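To start, the structure under review is shown below, and the notes come after it.
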Amino acid sequence: MPREYRTIQEVAGPLVLVQDVEGVTYDELGEIELANGEIRRCKVLEIDGSNALVQLFENSAGINLENSKVRFLGHSIELGVSEDMLGRVFDGMGSPIDGGVDIIPEKRMDINGLAMNPTARSYPEEFIQTGISAIDGLNTLVRGQKLPIFSGSGLPHSNLAAQIARQAKVLGHAENFAVVFAAMGITFEESNFFIEDFKRTGAMERTVLFVNLANDPAIERISTPRMALTAAEYLAFEKEMHVLVIMTDITNYADALREVSAARKEVPGRRGYPGYLYTDLATMYERAGRLEGHTGSITMIPILTMPEDDKTHPIPDLTGYITEGQIILSRELYRKNIAPPIDVLPSLSRLKDKGIGEGKTRADHANTMNQLFAAYARGKDAKELMVILGEAALTDIDKLYAKFADEFETRYVSQGYTTDRSIEETLDLGWELLRILPRTELKRIKKEFLDKYYPES
């Protein structure tokens with residue numbers, strides 16, 4: 001039975017202090033009823049003896065200390081889950097915003113789920129095809145992995161996110177695949193772009209969208225990714241689906257966390273973010289993975305914009321520690337009209353070796369991947385040398401490497417946002433580019449693969 005109090009002592013911005021409460025717990029959900037009967041939702045941020053500090057999801061205008069009453073509901077934020085969620089759009093609190101009917105939930109789940117127990121995890125080792133060569137060929141995504149995309153302000157990470165959501169699939173299985181898309185602090189235009197893109201391409205029917213707009217409350221932004229992960233856990237471990245969770249933009253989430261932390265007058269850490277930012281991000285990221293005894297899985301791609309393109313900023317820095325690699329978008333490649341502008345050399349997928357090879361992609365994958373990395377790195381060095389010393393200073397082989405680097409960027413990395421390449425097409429394109437170089441230069445590839453794909457003339 002909800003407990004009701006008329007003991008509001010103070011209202012400061014989005015925070016409300018309620019005195020003389022009993023049995024109220026941290027993170028509990030509440031409702032504030034105004035004198036005119038209007039209801040506003042809130043959440044318990046802090047309990048100090050019989051005092052409860054609550055944060056409003058809406059604004060505090062019109063709250064009268066004497067005539068308003070607070071009800072505590074006895075549970076934290078919950079999401080009603082059902083398979084009918086697929087193809088629907090929800091706000092950051094789990095209410096439908098697509099004009100459709102309310103979901104009749106199969107069950108209600110607390111959104112503050114637990115991170116996976118490491119001993120209950122299965123090792124990620126199955127290849128996920130995104131259709132994007134720079135990811136599939138060189139920084140392979142594996143089922144159950146957490147692979148963030150590090151972007152910069154103004155770079156086309158939204159297009160890349162929509163492309164991955166549309167194209168991602170587990171190969172060789174007729175298994176159920178779903179996408180849970182959480183958008184935090186985005187503009188209406190961006191929200192519209194994602195919804196229309198998914199509808200236009202037919203990806204919507206296997207997608208659950210949670211959208212929190214930039215003008216929505218900060219406290220709602222903090223619940224949005226947890227809503228998405230709760231829906232993903234239900235689909236993955238109760239309906240045994242393979243779920244890809246895409247979250248954009250983690251930077252907006254962390255800024256909302258900082259805003260709430262400042263309102264609570266907590267001691268700030270690096271760059272004003274709360275000292276528990278690492279722990280908070282880890283409680284979200286570690287909900288992804290594969291569980292023993294379940295065929296379903298959660299693979300996660302968090303997207304974050306690095307302030308001032310700075311990889312050492314706390315958000316990308318801490319994310320890099322928790323996740324298994326990163327895909328980095330480059331402003332330099334973007335200026336060259338390379339789409340998507342993925343900078344493959346500093347990008348990394350720590351689990352790529354586990355998801356490639358015979359029976360997963362193709363036997364020559366690991367060899368060609370290493371050779372492409374090495375050749376592109378040398379080609380970039382040759383191009384830098386050319387800028388400093390002029391083309392005449394380059395040897396004939398250096399000129400071939402410089403040509404390779406250009407071709408690699410324009411043909412392999414750049415493929416636009418509508419091209420869906422199979423892993424065979426990506427690997428064959430890699431061989432095509434490697435043929436720019438003499439066979440004797442391909443020292444990282446076994447002879448059996450050279451004989452098969454680059455026979456001596």
Side-chain angles (χ1 to χ4, degrees), residues 116 118-150 164 167-173 175 177 242 244-245 285-286 288-292 295 297-302 311 319-329 340 342-378 408 412-413 421-431 433-434 441-450 452-454:
M116 274 188 202
T119 60
R121 285 178 180 268
S122 298
Y123 205 87
E125 55 187 10
E126 283 139 309
F127 169 70
I128 288 182
Q129 180 176 293
T130 63
I132 299 162
S133 293
I135 296 176
D136 292 350
L138 302 172
N139 293 292
T140 315
L141 179 65
V142 181
R143 194 154 69 81
Q145 185 177 5
K146 306 175 285 290
L147 186 62
I149 294 173
F150 289 6
I164 293 171
Q167 297 178 178
K169 54 181 84 71
V170 179
L171 290 188
H173 301 276
E175 290 167 334
F177 195 84
H242 297 302
L244 176 65
V245 178
Y285 295 151
E286 293 297 344
R290 297 175 60 206
L291 273 178
E292 283 186 358
T295 52
S297 63
I298 299 176
T299 307
M300 187 188 290
I301 300 183
K311 285 197 276 284
T319 295
Y321 281 119
I322 304 164
T323 55
E324 293 109 14
Q326 67 276 332
I327 302 292
I328 296 179
L329 300 191
I342 295 173
D343 195 349
V344 298
L345 293 180
S347 295
L348 168 72
S349 168
R350 293 192 181 100
L351 297 177
K352 63 186 172 194
D353 299 339
K354 307 291 181 287
I356 62 175
E358 202 159 359
K360 293 175 182 174
T361 52
R362 207 165 73 183
D364 60 310
H365 191 156
N367 281 196
T368 52
M369 174 179 74
N370 293 338
Q371 190 65 65
L372 286 166
F373 268 125
Y376 180 51
R378 183 163 169 191
F408 178 79
Y412 192 96
V413 179
R421 287 183 188 154
S422 71
I423 186 62
E424 280 76 20
E425 288 173 312
T426 290
L427 292 169
D428 290 344
L429 178 57
W431 276 107
L433 292 169
L434 288 172
E441 286 292 309
L442 308 184
K443 298 183 175 72
R444 285 175 165 77
I445 300 181
K446 289 179 182 171
K447 187 174 184 300
E448 59 187 278
F449 298 134
L450 283 173
K452 184 174 181 180
Y453 298 102
Y454 192 166

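Note that the structure is predicted; figures quoted are calculated from it, not measured. All residue numbers in this chain count up from 1 along the given sequence.
The distance from atom CG of Leu429 to atom CG of Leu427, rounded to the nearest 0.5 Å, is 9.5 Å. Once rounded to the nearest 0.5 Å, the distance linking CD1 of Ile149 with OG1 of Thr319 reads 12.5 Å. Summarising the geometry, atom CG belonging to Asp428 is positioned 11.0 Å from atom CG belonging to Leu433; distances are rounded to the nearest 0.5 Å. Separation of atoms OG (Ser349) and CD (Gln326) is listed at 9.5 Å; rounding is to 0.5 Å. Between the NZ atom of Lys443 and the CG atom of Asn367 there is a distance of 14.5 Å, given to the nearest 0.5 Å. The distance from the CD1 atom of Ile356 to the OG1 atom of Thr140 is 5.0 Å, given to the nearest 0.5 Å.
Annotation: side chain of Phe449 is not in contact with side chain of Leu442 (no heavy-atom distance under 4.5 Å). The shortest side-chain heavy-atom distance between Leu138 and Ser347 does not fall under the 4.5 Å cut-off. Between Phe373 and Leu345 the shortest side-chain heavy-atom distance falls below 4.5 Å. Side-chain contact check for Met116 versus Pro118: every heavy-atom pair is 4.5 Å or farther apart. Side-chain contact between Trp431 and Leu372 is absent, with no heavy-atom pair separated by less than 4.5 Å. At least one side-chain heavy atom of Arg362 sits under 4.5 Å from a side-chain heavy atom of Glu424. The side-chain heavy atoms of Arg378 and Glu441, taken from C-beta on, include a pair separated by under 4.5 Å. Within the 4.5 Å cutoff, the side chain of Phe177 has no heavy atoms near those of the Lys169 side chain.
Side-chain N or O atoms of Thr299 include one that pairs as donor or acceptor with a backbone N or O of Gly144 at under 3.5 Å. Using a distance-only test at 3.5 Å, with no hydrogens or angles considered, no donor-acceptor pair links the side chain of Gln167 to the main chain of Ile164. Side-chain N or O atoms of Thr323 include none that pairs as donor or acceptor with a backbone N or O of Leu147 at under 3.5 Å. Checking side-chain atoms of Gln129 against main-chain N and O of Ile423 turns up a donor-acceptor pair under 3.5 Å. The backbone N or O of Gly137 sits less than 3.5 Å from a side-chain atom of His365, completing a donor-acceptor pair.
In terms of heavy-atom proximity, Ile342 sits nearest to Val413 at O-CG1, 3.5 Å. Closest approach of Pro148 to Gly325, counting heavy atoms only: CD-O, 3.0 Å. The shortest heavy-atom contact between Ile128 and Arg143 is CD1-CA, 3.7 Å. The minimum heavy-atom distance linking Pro124 with Val142 is given by the pair C-CG1, 3.4 Å. The minimum heavy-atom distance linking Glu286 with Ile322 is given by the pair OE2-CG2, 3.6 Å. Of all the heavy atoms in Val344 and Ala134, the pair that sits closest is CG1-CB, 3.9 Å.
Looking at Lys352 and Asp136, no side-chain N of the basic residue comes within less than 4.0 Å of a carboxylate O on the acidic one, giving no salt bridge.
Under the 30°/60° scheme for interplanar angles, the aromatic rings of Tyr376 and Phe408 are found to be tilted.
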Please evaluate residues Ile445 and Asp364 with respect to the criterion side chain to side chain contact (heavy atoms under 4.5 Å, CB included), reporting the C-alpha separation (whole Å), side-chain torsions for both, the decisive distance (0.1 Å), and the verdict.
CA-CA 8 Å; Ile445 300 181; Asp364 60 310; over 6 Å; no
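Under the side chain to side chain contact (heavy atoms under 4.5 Å, CB included) criterion, Glu324 pairs with Gln145, Lys146, Arg350, Leu351, not counting sequence neighbours. The side chain to side chain contact (heavy atoms under 4.5 Å, CB included) test applied to Glu125 returns Arg290, Lys354, Lys360, not counting sequence neighbours. Take Thr426 and apply the side-chain hydrogen bond (donor to acceptor under 3.5 Å, both in side chains) test, not counting sequence neighbours, and it matches Ser133.
Residue-environment remark: CZ (Arg444) stays at or below the threshold of 12 foreign heavy atoms within 6.0 Å. For CD of Glu358, the number of neighbouring non-hydrogen atoms (other residues, nucleotides, ligands) closer than 6.0 Å is 12 at most.
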